[in-house]
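Written out below as structure tokens is the structure these notes cover.
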Amino acid sequence: MRSGAGGPESFQMGSMPQAKQHITSGQMHRGHMPPLTSAQQALTGTINSSMQAVQAAQASLDDFDTLPPLGTDAASQAWRKNKMDESKHEIHSQVDAITAGTASMVNLTAGDPAETDYTAVGCAVTTISSNLTEMSKGVKLLAALMEDEGGNGQQLLGAAKNLASAVSDMLKTAQPANTEPRQNLLQAAGNVGQASGELLSHIGETDTDPQFQHRGKGSFRVARWRTPSNVQML
């Protein structure tokens with residue numbers, strides 16, 4: 001993964017500046033890359049295991065949870081409502097954690113690779129994958145409850161699978177050995193933000209500040225992030 005210079009970043013998707021020297025494929029040959037440091041190797045292992053967890057979560061979203069027999073009496077209706085509210089709250093919190101982890105990963109890799117805190121990057125990656133795994137469980141339950149009430153739980157499952165796919169693509173781009181332009185990582189992070197917003201819209205949870213914004217034709221900007229360090233990239 002190519003890091004950018006430190007400081008704020010902004011760019012247009014699909015409009016890379018002309019290279020100052022001729023490069024056949026836009027990437028370095030692997031043989032010309034310096035060997036990975038032990039910290040980079042550790043991060044590679046973390047990303048690989050996290051990608052496996054994310055892909056397993058994505059595969060689990062093909063089916064709803066099995067609900068206990070529910071009637072139309074007051075007790076059953078109260079249980080259903082409480083479970084739906086609880087699931088929505090948990091999913092919202094987990095999506096917030098995924099987008100915050102994505103922001104941390106983007107910010108932590110913005111500088112010189114020699115100065116990157118790869119342990120912190122690994123923590124952000126683990127936060128993303130663990131929250132997505134837990135989120136998938138809540139989505140399966142909520143989707144089943146929505147179907148039971150005559151809603152469209154399939155759309156919620158589809159939105160969750162899209163988020164898992166976006167996260168998987170982003171983690172692949174974040175590999176230390178990846179020689180793609182940094183813009184690809186930023187675009188992948190933007191896709192995670194967009195998929196997160198779409199999922200929240202399916203559960204009626206859209207009252208938070210946007211974490212990622214798409215503006216104009218292919219334009220993307222990383223917006224404000226609620227991270228402990230209050231890092232901003234504008």
Are M135 and L199 side-chain neighbours, meaning at least one heavy-atom pair lies under 4.5 Å?
yes
State, with a plain yes or no, whether a side-chain heavy atom of E134 is found less than 4.5 Å away from one of E90.
no
Heavy-atom nearest pair, T46 first then T126, reads CG2-OG1, 3.6 Å
Hey, could you give me the OG1/CG distance between T119 and L108, rounded to the nearest 0.5 Å?
10.5 Å
Identify which one of K81, R80, K83 satisfies the salt bridge (charged side-chain N to carboxylate O under 4.0 Å, His left out) criterion when paired with D148.
R80
State whether the side chain of S168 and the backbone N or O of A164 hold a donor-acceptor pair below 3.5 Å, judged by distance alone.
no
Hey, is the main chain of T37 close enough, under 3.5 Å, to the side chain of Q40 for a donor-acceptor pair?
yes
pair K88-I91: side-chain heavy atoms closer than 4.5 Å:
no
Shortest non-hydrogen pair, G153 vs E147, comes out as N-OE2, 2.7 Å
Side chains of E180 and L185: closer than 4.5 Å at any heavy-atom pair?
no
For L142 and S87 the tightest heavy-atom approach is CB-CB, 4.0 Å
Would D63 and K140 pass as an ion pair if we require N to O under 4.0 Å?
no
Can you tell whether the side chains of K161 and D62 come within less than 4.0 Å, N to carboxylate O?
yes
Minimum heavy-atom separation for Y118 and A39, please, with both atom names.
CB-O, 3.8 Å
Got a second to check how far Q187's CD is from R182's CZ, nearest 0.5 Å?
13.5 Å
Taking the side chain as everything from C-beta on, heavy atoms only, tell me whether P176 gets closer than 4.5 Å to I47.
yes
Reported OG1-to-CG distance for the pair T173 and L171, which is rounded to 0.5 angstrom:
8.5 Å
Distance, nearest 0.5 Å, that separates CG of L67 from CG of L145
5.0 Å
State whether a side-chain donor-acceptor pair under 3.5 Å links S76 with D73.
yes
Give the intermediate values and the outcome of side-chain contact (heavy atoms from CB on, under 4.5 Å) for residues V167 and Q58.
CA-CA 10 Å; V167 167; Q58 184 177 5; over 6 Å; no
Between atom CD of Q55 and atom OG of S129, what is the distance when rounded to the nearest 0.5 Å?
11.5 Å
Please report the interatomic distance OG1(T109) to CG(L186), rounded to the nearest 0.5 Å.
7.5 Å
When you measure from the side chain of N178 to the backbone N and O of A174, does any donor-acceptor pair fall under 3.5 Å?
no
What are the two closest non-hydrogen atoms of A124 and G101, and how far apart are they?
CB-O, 3.6 Å
Is S165 reaching over with its side chain to a backbone N or O of N162, donor-acceptor style, under 3.5 angstrom?
no
Got I128 and M170 here, is their nearest side-chain heavy-atom distance under 4.5 Å?
yes
Least distance between heavy atoms, A189 atom then V106 atom:
CB-CG2, 3.7 Å
Worked check of side-chain contact (heavy atoms from CB on, under 4.5 Å) between L156 and V139
CA-CA 7 Å; L156 176 59; V139 164; 3.9 Å; yes
Quick one: are L36 and T44 in side-chain contact, heavy atoms under 4.5 Å?
yes
Mind running side-chain contact (heavy atoms from CB on, under 4.5 Å) on F64 and Q154 for me, showing each step along the way?
CA-CA 8 Å; F64 302 116; Q154 286 288 356; 3.7 Å; yes
Under 4.5 Å between any side-chain heavy atoms of Q175 and M51, yes or no?
yes
